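In what follows, a structure is listed as structure tokens, so that the remarks can point back to it.
All figures in this text were calculated on a predicted structure; none of them were measured in a lab. Atoms considered below: every heavy atom in the structure, side chains included; atoms not considered: hydrogens, waters and symmetry mates. First the proteins, then the strands, lettered A, B, ... as listed; each starts at 1.
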Amino acid sequence: MAEPAPEFVEAVLSVVAAIPEGKAMAYGDVAAAIGSRAPRGVGQVMAYYGGEVAWWRVVRASGHPPADHEREALERFRAEGTPLLWSRDGGSFRVDLDAARHVPE
DNA sequence: GTCGTGACAGTAG
DNA sequence: ACTACTGCCACGA
């Protein structure tokens with residue numbers, strides 16, 4: 001599998017690590033924060049090095065958590081008090097980026 | 001230099 | 001709410 005370049009990885013991890021508790025960022029926002037436009041590249045890094053960072057604070061532009069990881073993410077969000085928007089039946093949720101969006105310097 | 005892949009984004013229906 | 005399509009960038013082969 002394709003292992004991302006250390007520089008790009010370091011840049012992504014740095015941004016993700018800078019997200020405070022109760023906050024969140026979209027993949028596109030992270031990419032923009034490092035001066036790139038590769039939300040997919042960010043996803044690649046998370047897939048390999050996500051175990052060393054708060055990957056749950058990185059969600060899609062719609063606020064949906066990463067695929068196959070929403071259960072883990074939910075526990076983190078619930079523990080950190082991240083603003084969540086639940087569906088009417090409570091079967092699914094999404095992060096309220098309007099309130100939880102972290103704006104890097 | 002080209003192709004396939006990906007924890008994506010945005011728009012259209 | 002959903003699916004489908006296109007566009008984007010980064011990486012390994």
Study note, to complete from the structure: Taken to the nearest whole Å, CG/A:Asp29 to C1'/B:dG10 is 14 Å
Exercise for review: Identify, with sequence neighbours excluded, every residue that meets side chain to side chain donor-acceptor pair (under 3.5 Å) alongside A:Ser87.
Suggested key: A:Ser92
Review point. B:dA7 and C:dA13: how far apart are their C1' atoms, nearest whole angstrom?
Key: 22 Å
What nitrogen or oxygen pairs link the protein and nucleotides 3-10 of chain C at under 3.5 Å?
| unit_1 | atom_1 | unit_2 | atom_2 | d |
| --- | --- | --- | --- | --- |
| C:dC8 | O3' | A:Arg37 | NH2 | 3.4 |
| C:dC9 | O4' | A:Arg37 | O | 3.2 |
| C:dA10 | OP1 | A:Ser36 | OG | 3.2 |

**Study point:** salt bridge (Lys or Arg N to Asp or Glu O under 4.0 Å) partners of residues 36-45 of chain A, not counting sequence neighbours, each pair once
**Key:** none
Point to revise | Under the salt bridge (Lys or Arg N to Asp or Glu O under 4.0 Å) test, residues paired with A:Glu7 that sit two or more places apart | key: none
Review point. Whole-Å distance between B:dG6 P and A:Tyr49 OH?
Key: 18 Å
Point to revise | Positions of residues 9-16 of chain A (non-hydrogen atom under 4.0 Å from DNA chain C), listed by number | key: none
Point to revise | Partner set under ring-ring contact (aromatic ring centres under 6.0 Å, His included) for A:Phe93, not counting sequence neighbours | key: A:Trp86
Revision key, fill the gap. Residues at least two apart in sequence or cross-chain that pass side chain to side chain donor-acceptor pair (under 3.5 Å) with A:Arg101, listed by chain then number, are A:Asp29
Review point. Looking at residues at least two apart in the chain, or sitting in another chain, which of them share a side-chain contact (heavy atoms from CB on, under 4.5 Å) with A:Ser14?
Key: none
Practice item. Could you check whether A:Gly28 gets within reach of a base, just the sugar-phosphate, or nothing at all, counting any heavy atom under 4.0 Å? Key: sugar-phosphate
**Study point:** Qualifying side chain to side chain donor-acceptor pair (under 3.5 Å) pairs with a residue from residues 54-65 of chain A, counting only residues at least two apart or across chains
**Key:** A:Trp56-A:Glu80, A:Arg57-A:Glu80
Point to revise | Contact residues, residues 52-63 of chain A to DNA chain B [heavy atom, < 4.0 Å] | key: A:Trp55, A:Arg60, A:Ala61
Practice item. List for me each residue that meets side chain to side chain donor-acceptor pair (under 3.5 Å) alongside A:Glu52, sequence neighbours excluded, and say none if there are none. Key: none
Practice item. Might you confirm whether atom CD of A:Glu72 has over 12 heavy atoms from other residues, nucleotides or ligands at distances under 6.0 Å? Key: yes
Exercise for review: Apply side chain to side chain donor-acceptor pair (under 3.5 Å) to A:Arg88 and list each qualifying residue two or more places apart in sequence or on a separate chain.
Suggested key: none
